[in-house]
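Structure record follows, encoded as structure tokens.
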Amino acid sequence: MEEYLINYAKKIHINLTGTKCKQLIRYYELLIEWNNKMNLTSITEFEEVVVKHFIDSLSIVNCIDLNGNLSLVDVGTGAGFPGIPLKIVFPSLNVTLVDSLDKRIKFLNYVISELELDNIVAVHARAEEFGNSKYRESFDICVTRAVANLAVIAEYCLPLVKLDGSFIAYKGSNVKEEIYDSEIAIEELGGSIDDVSMFQLPDTDIDRSLIRIYKEDYTPKKYPRRNGVPLKKPIK
């Protein structure tokens, strides 16, 4: 398992130490153990989890330098992707994991304790509420692998980012139309599209995109709107 993980990480130019490798493997074991009690992931084979969860989460190295004492928030983290793999591989990150399901937060807290991770917290909150909390505009980086439309997740995520910070959305391959349709929303929220990185996960035919949005102005206080509104009525 260790050799497979180490060799695969090298394909995206990440050198895993023994400690980091052991933590990722233990994370996998906990994921499978808890998955028997709750629905955390449909991907359960080790090799698939490595590629589709771990390597996919870490692929953010394609578009941003995560070395240094940076604050990062993972919105809609689910089973901890991408936040926990990023914390393991870049331990200097100060990470906040946000999810709306309390049972997932219990799992995440167990993982944090079991792996003895420092400077990482899991918060039970809806994205709309979290964006209007004390955490507003306090993070250097916001990430999400949420499947919602870019205009919707931008409303959830950009309010959390500091000026000159970045929001990075993990997406699939067909993003051109989605980007075009979200430009007005992103500008309204104080952002601008800085970079779009398109690539394939190593040794697969899985196309991925990372959309990096630069926070150039404060987000108007009316955003994010109340629960459910961003999804029903995206900014246009």
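Between I168 atom CD1 and L66 atom CG the span is 7.0 Å, to the nearest 0.5 Å. Atoms CD1 and NZ, on I186 and K215 in that order, are 12.5 Å from each other to the nearest 0.5 Å. For the atom pair OG1 of T19 and CG of L115, the computed distance is 11.5 Å after rounding to the nearest 0.5 Å. In this structure, CG in L189 is found 11.5 Å from CD in E216, a value given to the nearest 0.5 Å. From N174, atom CG reaches atom CE of M198 across 8.5 Å, with rounding to the nearest 0.5 Å. With values rounded to the nearest 0.5 angstrom, Y27 atom OH is found 7.5 Å from I88 atom CD1.
Inspection of the N132 and Y223 side chains reveals no N or O donor paired with an N or O acceptor under 3.5 Å. There is no side-chain donor-acceptor pair under 3.5 Å between S92 and N69.
Between K20 and V89, the closest heavy-atom pair is NZ-O, 2.9 Å. The two atoms that bring L97 and G83 nearest to each other are CD2-CA, 3.8 Å, heavy atoms only. Minimum interatomic distance between A125 and V98 (heavy atoms only, all atoms of both residues): O-CG1, 3.7 Å. The minimum heavy-atom distance linking I12 with S59 is given by the pair CD1-N, 4.3 Å. For the residue pair I179 and S182, the shortest heavy atom distance occurs at O-OG, 3.0 Å. Closest approach of P224 to E128, counting heavy atoms only: CG-O, 3.4 Å.
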Could you walk me through whether L70 and F90 pass the side-chain contact (heavy atoms from CB on, under 4.5 Å) check? CA-CA 10 Å; L70 299 168; F90 299 95; over 6 Å; no

side-chain contact (heavy atoms from CB on, under 4.5 Å) evaluation trace for K87 with N119: CA-CA 9 Å; K87 175 61 183 177; N119 297 319; 3.9 Å; yes

Checking D56 against R145 for the side-chain contact (heavy atoms from CB on, under 4.5 Å) test, could you report, in this order, the C-alpha distance in whole Å, the side-chain angles of both residues, the deciding distance, and whether it holds? CA-CA 10 Å; D56 186 51; R145 291 208 307 170; 2.5 Å; yes

How far apart are the C-alpha atoms of I64 and S166, what are their side-chain angles, what is the distance that settles it, and do they pass the side-chain contact (heavy atoms from CB on, under 4.5 Å) test? CA-CA 9 Å; I64 195 167; S166 295; 4.2 Å; yes

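The environment of Y218 atom OH is sparse: at most 12 non-hydrogen atoms of other residues, nucleotides or ligands sit within 6.0 angstrom.
E137 places no side-chain N or O within donor-acceptor distance of the main-chain N or O of L163, the cut-off being under 3.5 Å. Put simply, the side chain of D195 never gets that close to the backbone of R212: no donor and acceptor are under 3.5 Å apart. Checking side-chain atoms of R136 against main-chain N and O of G131 turns up a donor-acceptor pair under 3.5 Å. Under a 3.5 Å cut-off, the side chain of D207 and the backbone N or O of S173 do not form any donor-acceptor pair. In this structure, the side chain of K11 does not engage the main chain of P202 through any donor-acceptor pair within 3.5 Å. Not one N or O on the side chain of D99 forms a donor-acceptor pair closer than 3.5 Å with the backbone of I105. Judged purely by atom type and a 3.5 angstrom limit, D140 uses its side chain to pair as donor or acceptor with the backbone of S71. In this structure, the side chain of S113 does not engage the main chain of N109 through any donor-acceptor pair within 3.5 Å.
At least one side-chain heavy atom of T96 sits less than 4.5 Å from a side-chain heavy atom of F130. Side-chain contact between V50 and M1 is absent, with no heavy-atom pair separated by less than 4.5 Å. Taking the side chain as every heavy atom from C-beta outward, I60 and P82 never approach each other to under 4.5 Å. Within the 4.5 Å cutoff, no side-chain heavy atoms of T204 are placed close to those of K52. Under the 4.5 Å side-chain criterion, counting only non-hydrogen atoms from C-beta, Y214 is in contact with D164. Between N94 and F139 there is no side-chain heavy-atom pair separated by less than 4.5 Å. Proximity of N15 to K10: side-chain heavy atoms (C-beta onward) are separated by under 4.5 Å at one or more points. Using a 4.5 Å heavy-atom threshold, the side chains of K236 and I184 count as separate.
No close placement of the Y8 and F54 rings is indicated, their centers lying 6.0 Å or farther apart. Ring centroids of Y156 and F167 are separated by 6.0 Å or more, keeping the two rings apart.
When each of E114, E116, E2 is paired with R26, the salt bridge (Lys or Arg N to Asp or Glu O under 4.0 Å) condition holds for E114 and for no other. Checked against Y170 for a side-chain contact (heavy atoms from CB on, under 4.5 Å), the options V143, V147, I153 give a single hit: V143. Only one option out of R225, K232, K233 pairs with E155 in a salt bridge (Lys or Arg N to Asp or Glu O under 4.0 Å); it is R225.
In terms of hydrophobic clustering, with Ile, Leu, Val, Met, Phe, Trp and Tyr side chains grouped at heavy-atom distances under 4.5 Å, F81 and L58 are assigned to a common cluster. Under the 4.5 Å side-chain heavy-atom criterion for grouping Ile, Leu, Val, Met, Phe, Trp and Tyr, L40 is not connected to V75 through any hydrophobic cluster. One hydrophobic cluster, built from ILVMFWY side chains closer than 4.5 Å, holds both I120 and I141. When hydrophobic clusters are built by joining Ile, Leu, Val, Met, Phe, Trp and Tyr residues whose side-chain heavy atoms come closer than 4.5 Å, directly or via intermediates, I235 is not grouped with V229. Tracing side-chain contacts under 4.5 Å through hydrophobic residues (I, L, V, M, F, W, Y), one never reaches V73 starting from L86; they form parts of separate clusters.
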